[in-house]
Engineer: 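Can you read through this structure? Questions will come right after.
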Amino acid sequence: MKKIFLLLFTALFTFTTQAQSYTTVDRYDYPDDIRYGETGYYFKDTQGYLDQYLGNWQYESGNLKIQMRFVKKTMIRYNVSGTSKTDLLVGGMIIRKNNVTVMSTIASVNQTKDYMSEYFIFGGTRFNNYSDCYNCTVPEQRVVMNYREPDNDNRAFKDLFFRIHVYMNAQNEPRLRLEFTQEALQGRDPNWYDAEFGDTAPTKTTLHLPFGTYDFEKID
Amino acid sequence: MHVKKLTTYLVQNFLFVSNNTAVFDSRKKKLLILKQKNMLKVKRVAMKLLGMCLLLSSVISCQQDDVYHQSDNSVSEFTEGKTSVMNQNELMNRYSGDNLGGLLKNSFEQEKSIQKTMSSGSTPVYIDLDHIQVFESPNMHAITYHVVIGDIDKNINGEPQTRYNLVYYSKDYINYYVTLLRYDFSTTSLERFIQNPSDIMSMLSFVPLNDIENIYDNIAYSYSEGLRSTTEINPISFPQFIDLSDCAELVVEEGTPCAGRAKHEYGESCSKIGSERATPSSTYMDFSDCFDSPIFGGGGSGGGGGSFPGTPTPDPEPINPIKGNPIKKIGDFVYVGDFFAQINIGNNNQNVKTLKAIKRDIKADLQDFNSNLNLAIEIGKGYQFKTINGVYSLSLPSFNLQNPSLQKPKIDMTKARAYLCGVFHTHPIKLGSQNHKHAPLFSPADLRAIFRFTNASSIVSDRKPSEAFIGVVNKYGAYVVMLPNDVTQDNIATKYEDFISTNNNGRIFGDEDKKVWKEIEADLNDKYRKIDNSSTLDENEKKVEHEKTLLEVMRDKGLELNLYFLAKDEGEFDGSWQKVSLNTYGGVQYTTIN
């Protein structure tokens, strides 16, 4: 009986969600009188801005190899008053050190999740042009991606982020620059825990992706 | 003339008693008319009038004349009066040229400054000068202070067992009678009293005051003297109003709940401030018929002053009204003829207590933070506040948060000890080695951190979640977020289940793994940047837009936090706190907190 009720509820919820209509606005260029994520709006990448990041990318230097994949998804965002929709980038990574795979999250890219935060790499917030843009080069825009690694029990490694942008190199080949700095820790010390508060020492104290700047080549 | 006055009074009294109906004033307040005597008393009064007329010229003295000098419209004075809340500065400014102004100045000042608390011998006395109830009508004036004497014993409900109110009462705005009322909550609760205000006579006593000008000295001395008379045979050391219950008439005006949806009654935690707060009931006590009371030593056939304890003490024409007239015995109330009581428990809005403590006790730190906004790193401190001698104040030492570096320019608030009440930190204009712009208002990490400080522990066993705060000093001034006053240890996990988790020690923390925080992060980052990069908004418009964005995002995600602002006021932070909220039109409104 409980299962039937749950099924009916899910169906009703899905129907209701899909039945809600949305007013489409551009993901980045929406009117000033509405807020990003506002109920009843679909923040759609109408200009195809995120398309430049789609596909597979790779980086290799010394014993470190990283493969990264980005896809574009449309996700529902839940507010107290209702829902909105947004286009965003979803990504995954394979990291190999000395030819040993230490992390693999690429498969998650093809999975359907209810919430964006269930993906290991997701985002799309864009830094617009401004005079003191951090490490900006032409064009002066960066996209911020949320990043997390699997099997993490360290609160300092939650809520990480890196910035990406695509540029053309001297040979007119596309490159994706990824900048991952200590700033992502947002002040947190990976070795700190508060025993009095009830924290236990984390087992994971280093990240698979080292801090640094990476220039990825486009594979496909 | 005197007889005519009596007749008029009696007729009015008769009509008043006969009607025995609820009277509604223009503000539609519910009025309860309570009788401590039955209808037969009306007849007794009529008979007494006849007898008294016959004996008037030979028996009734000038002093007794004054028993009947009260206005025939005393009840209407009471029902038409208004209560407002002021602090001591506002009160003294309002009455600076009047007798009351002089009286308060003489009572509260020492070495030309207002005292807030004083320890006299072994009796610390605290008078709340921030939350004073002022009742005003044309011919009735009452100033009621919340007073704490010594340590606070708690009853079985965890509330103070005894509450003291210092009352200045006048019927002409010239002569003031001063008393220290004592409410006994040892066998009842504040909630029950609010629901049954007529219980007042059975729970009310008073501390006889002395002719000591400084009010703190007066209370400390008088209280100690009163306790000295406590013995095993006579455990009740303070005169009680119950002794006048056979002759006193009460008129009770019920209080009003707060303007919120929950309609919290007076004494319950509520987020409302100013005129939206709940108000307590008020009681007008008419003692004119107590002149004949046995306690006064008089009989039915004639009055006449009695011996102890009823002999009136104050002079009918005080030589120096500036000093006020302390009530020394129960008979003094009979002499005065009537009195006004409206319990003042102080301001139980925890958010406001914390804000006042921040401004009073760590203003120097706010000024210091402000002067360091040019640094490209965040700096901050953690603080603990406690109630000390009745005052919610800073408990030293403060906790220095580890200074970050230019590479890691943000403060890690999880390093602040969980027993603290909260953290204040800076949001400088530029941040980090790359000097990029720093959003002036709270980040999601800041908002999450507040839950860390809501936990009770062996160090802070009585921590209220509404004490927790996160503060930021930015280019506009100081902002604070706090949980609403009605959040308790019992309901916090339910109210904020989308935002928090509980660790193995049963401690609550803001869980960044919760999906809602990711959405808040994206929302705030996106909109904050849009505001900061705008070339069409001026600085004040950007301030308002930042506030609006934060409030809207919190509202949309169901994150119930109160937002408060203190303008930097040229770096001095001398102004008043304001509650920042969204109005019904979606704009930002500011409500000043007194």
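Every value quoted in this text rests on a predicted model; they were computed, and no experiment measured them. Note on naming: letters A, B, ... go to the chains in the order of the sequence lines (proteins, then strands), and numbering restarts at 1 for each one.
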Engineer: Select one option (side chain, backbone, both, neither) describing which atoms of A:Arg155 are under 4.5 Å from chain B's heavy atoms.
Structural biologist: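 Both backbone and side chain of A:Arg155 come within 4.5 Å of chain B.
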
Engineer: Quick check: does any side chain N or O of B:His438 sit under 3.5 Å from a backbone N or O of B:Ile429, one acting as donor and the other as acceptor?
Structural biologist: no

Engineer: Can you name the residues that form a side-chain contact (heavy atoms from CB on, under 4.5 Å) with B:Lys518, not counting sequence neighbours?
Structural biologist: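 Residues passing side-chain contact (heavy atoms from CB on, under 4.5 Å) with B:Lys518: A:Ser117, A:Phe122, A:Asp159.
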
Engineer: What part of A:Phe211 is in contact with chain B, defined as an atom under 4.5 angstrom from a non-hydrogen atom: side chain, backbone, both or neither?
Structural biologist: neither

Engineer: Between B:Glu512, B:Arg452, B:Glu521, which shows the greatest number of heavy-atom pairs under 4.5 Å with chain A?
Structural biologist: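 The option with the most such pairs is B:Arg452.
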
Engineer: Do the ring planes of A:His165 and A:Tyr167 sit parallel (below 30°), tilted (30 to 60°) or perpendicular (above 60°)?
Structural biologist: tilted

Engineer: Might you work through the salt bridge (charged side-chain N to carboxylate O under 4.0 Å, His left out) test for B:Asp523 and A:Arg77, ending with a clear yes or no?
Structural biologist: CA-CA 11 Å; B:Asp523 284 356; A:Arg77 297 168 57 93; 2.3 Å; yes

Engineer: Between B:Ile411, B:Asn455, B:Asn505, which shows the greatest number of heavy-atom pairs under 4.5 Å with chain A?
Structural biologist: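 Going by pairs under 4.5 Å, I would pick B:Asn505.
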
Engineer: Between B:Tyr383 and B:Phe399, is there a donor-acceptor pair closer than 3.5 Å when you use the side chain of the first and the backbone of the second?
Structural biologist: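 Answer holds: no.
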
Engineer: May I ask you to check whether B:Phe451 and B:Phe509 place their ring centers less than 6.0 Å from one another?
Structural biologist: no

Engineer: Is A:Thr105 close to A:Met103 at the side-chain level, that is, under 4.5 Å between some pair of heavy atoms?
Structural biologist: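 Yes; the side chains approach each other to less than 4.5 Å.
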
Engineer: Given a strict heavy-atom distance threshold of 4.5 Å, which part of B:Asp556 is in contact with chain A: side chain, backbone, both, or neither?
Structural biologist: both

Engineer: Establish, for the pair B:Lys514 and A:Tyr115, whether the NZ or CZ atom is under 6.0 angstrom from the six-membered ring centre and no further than 45 degrees off its axis.
Structural biologist: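 Verdict for A:Tyr115: no cation-pi partner in B:Lys514.
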
Engineer: Inspect the contact between B:Glu560 and B:Arg555 and indicate whether a charged nitrogen and a carboxylate oxygen are less than 4.0 angstrom apart.
Structural biologist: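 A salt bridge is absent here (no side-chain N lies under 4.0 Å from a carboxylate O).
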
Engineer: Identify which part of B:Ile459 has an atom lying under 4.5 Å from any heavy atom of chain A, answering side chain, backbone, both or neither.
Structural biologist: side chain

Engineer: For chain B, which residues of residues 41-54 of chain A have at least one non-hydrogen atom nearer than 4.5 Å to it?
Structural biologist: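 Those residues of residues 41-54 of chain A which would need a heavy atom under 4.5 Å from chain B do not exist here.
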
Engineer: Looking at B:Lys527, B:Glu378, B:Lys557, which has the largest count of heavy-atom pairs under 4.5 Å with chain A?
Structural biologist: B:Lys557

